[in-house]
Visitor: 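Quick one: the structure is below, questions incoming.
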Amino acid sequence: MNPETRIELHSRECSCRGGSWVLLEGAEGSPCSQTRGDGETAGGAEDKDKAVLTLKVWRQAGKPGNLETYREAVERAAAGERREFQRYPAKLAVRLSRNATWRDPEAQSEETTTEAIATGGALVRSRMAIEKAEVIQFAIGDDFSTRAEVTYVSTGQGPGLDGIQRLGLKFLDAPLPESFIPKNAEPLP
């Protein structure tokens with residue numbers, strides 16, 4: 001995408017119920033029935049029902065899907081908090097699966113472990129060749145399953161590193177139930 005691409009985020013009160021729209025070159029606004037605002041914010045225009053952000057600002061805010069989520073991210077950043085969810089160290093047995101595609105018709109999966117978990121994602125070890133932004137299936141036994149976006153891939157190469165690939169995952173369909181977080185786990189900084 002062009003870095004000048006804009007993202008229009010709508011409030012849950014809007015007729016689209018909190019949609020997000022990609023505004024391509026020359027687009028004045030979304031097809032939503034609401035009228036546009038004209039107040040300025042970091043990266044674009046905002047009113048009570050919508051905000052228009054640059055692609056860079058939208059990514060820095062964690063790719064929010066609606067106006068309320070964007071405002072929560074801005075409040076967290078102003079308070080000095082980067083993360084949306086508290087992380088905990090936890091070693092859970094999980095299954096990662098890649099769906100079959102036209103490029104790779106064979107579905108792949110592996111049994112592995114987490115190193116850290118949060119209600120919104122996990123840090124897992126992996127041997128699969130996975131790229132950032134790929135969507136995979138994440139499952140803990142038969143008790144929990146969700147699609148997860150790979151937000152980063154760390155290869156663990158270099159001085160002092162163990163050489164194990166780790167994936168940062170963001171859960172897409174459902175948050176991790178708090179029952180999977182060990183009761184005595186101390187939050188990570």
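We number each residue from 1, following the sequence as shown.
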Visitor: Side chains of Trp58 and Val22, heavy atoms from C-beta outward: is any pair under 4.5 Å?
Guide: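 Of all side-chain heavy-atom pairs linking Val22 with Trp58, none is under 4.5 Å.
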Visitor: Rounded to the nearest 0.5 Å, what's the gap from CD1 on Ile130 to CD on Glu110? Could you check?
Guide: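 Here the rounded value is 6.5 Å.
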Visitor: Kindly write out the residues that satisfy salt bridge (Lys or Arg N to Asp or Glu O under 4.0 Å) with Glu149, not counting sequence neighbours, or none if the list is empty.
Guide: Lys63
Visitor: Report whether Val94 and Phe171 are members of the same hydrophobic cluster (ILVMFWY, side-chain heavy atoms less than 4.5 Å apart, transitive linking).
Guide: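 Looking at the clustering, Phe171 is in the same group as Val94.
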Visitor: Search all heavy atoms of Ala174 against all heavy atoms of Thr146 and return the closest pair with its distance.
Guide: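 Smallest interatomic distance, heavy atoms only, reads N-OG1, 3.3 Å.
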Visitor: So, using side chain to side chain contact (heavy atoms under 4.5 Å, CB included) as the criterion, who are the partners of Pro177 when residues are at least two apart?
Guide: Phe144, Ser179, Phe180
Visitor: Quick one: CG on Leu167 to OG1 on Thr151, what's the gap to the nearest 0.5 Å?
Guide: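 Separation between the atoms: 9.0 Å.
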Visitor: Looking at every non-hydrogen atom in both residues, tell me the closest pair between Tyr88 and Ala185 and how far apart they are.
Guide: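 In terms of heavy atoms, the two residues are closest at CD2-O, 3.8 Å.
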Visitor: Taking Glu68 for its side chain and Arg12 for its backbone only, find out whether a donor-acceptor pair lies under 3.5 Å.
Guide: yes
Visitor: Indicate the atoms forming the closest heavy-atom contact of Met128 with Ser97, along with that distance.
Guide: CE-N, 4.5 Å
Visitor: Verify the distance criterion only: is there a donor paired with an acceptor across the side chains of Glu178 and Thr119 at less than 3.5 Å?
Guide: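 Looking only at side-chain atoms, Thr119 and Glu178 do not form any donor-acceptor pair under 3.5 Å.
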Visitor: Quick one, Leu96 and Leu169 - any side-chain contact, counting heavy atoms below 4.5 Å?
Guide: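 In short, these two side chains touch, coming nearer than 4.5 Å.
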Visitor: When rounded to the nearest 0.5 angstrom, what distance separates CG in Leu23 from CD in Glu8?
Guide: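 Between Leu23 CG and Glu8 CD, I get 5.0 Å after rounding to 0.5 Å.
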Visitor: Give the minimum heavy-atom separation between Ala122 and Thr114, together with the two atoms involved.
Guide: CB-CG2, 4.4 Å
Visitor: Apply side-chain hydrogen bond (donor to acceptor under 3.5 Å, both in side chains) to Asp173 and list each qualifying residue two or more places apart in sequence or on a separate chain.
Guide: Arg147
Visitor: Taking the side chain as every heavy atom from C-beta outward, state whether Cys14 and Leu9 have any atom pair closer than 4.5 Å.
Guide: no
Visitor: Would a single hydrophobic cluster contain both Leu123 and Leu92, if residues Ile, Leu, Val, Met, Phe, Trp and Tyr are joined by side-chain heavy-atom contacts under 4.5 Å?
Guide: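 Each belongs to a different hydrophobic cluster.
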Visitor: Return the minimal non-hydrogen interatomic distance between Ile117 and Pro182, and the atom names on each side.
Guide: CD1-CD, 4.3 Å
Visitor: Test your reading of the model: is there a side-chain donor-acceptor pair from Ser154 to the backbone of Arg166, 3.5 Å cut-off?
Guide: no
Visitor: Taking Lys91's backbone N and O only, do any of them form a donor-acceptor pair with Thr113's side chain (distance below 3.5 Å, no angle check)?
Guide: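 No, the answer is negative, given that no donor and acceptor are paired below the 3.5 Å cut-off.
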Visitor: Below 4.5 Å, heavy atoms only, C-beta onward: do Glu131 and Val150 meet side chain to side chain?
Guide: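 The answer is no, as the side chains (C-beta and beyond) never meet within the 4.5 Å cut-off.
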Visitor: At what distance, to the nearest 0.5 angstrom, does CZ of Arg127 lie from CD of Glu111?
Guide: 9.5 Å
Visitor: For Leu67 versus Lys50, what's the shortest heavy-atom pair and its separation?
Guide: CD2-N, 3.5 Å
Visitor: If hydrophobic clusters are built from ILVMFWY residues whose side chains come within less than 4.5 Å, do Phe138 and Ile136 share one?
Guide: yes
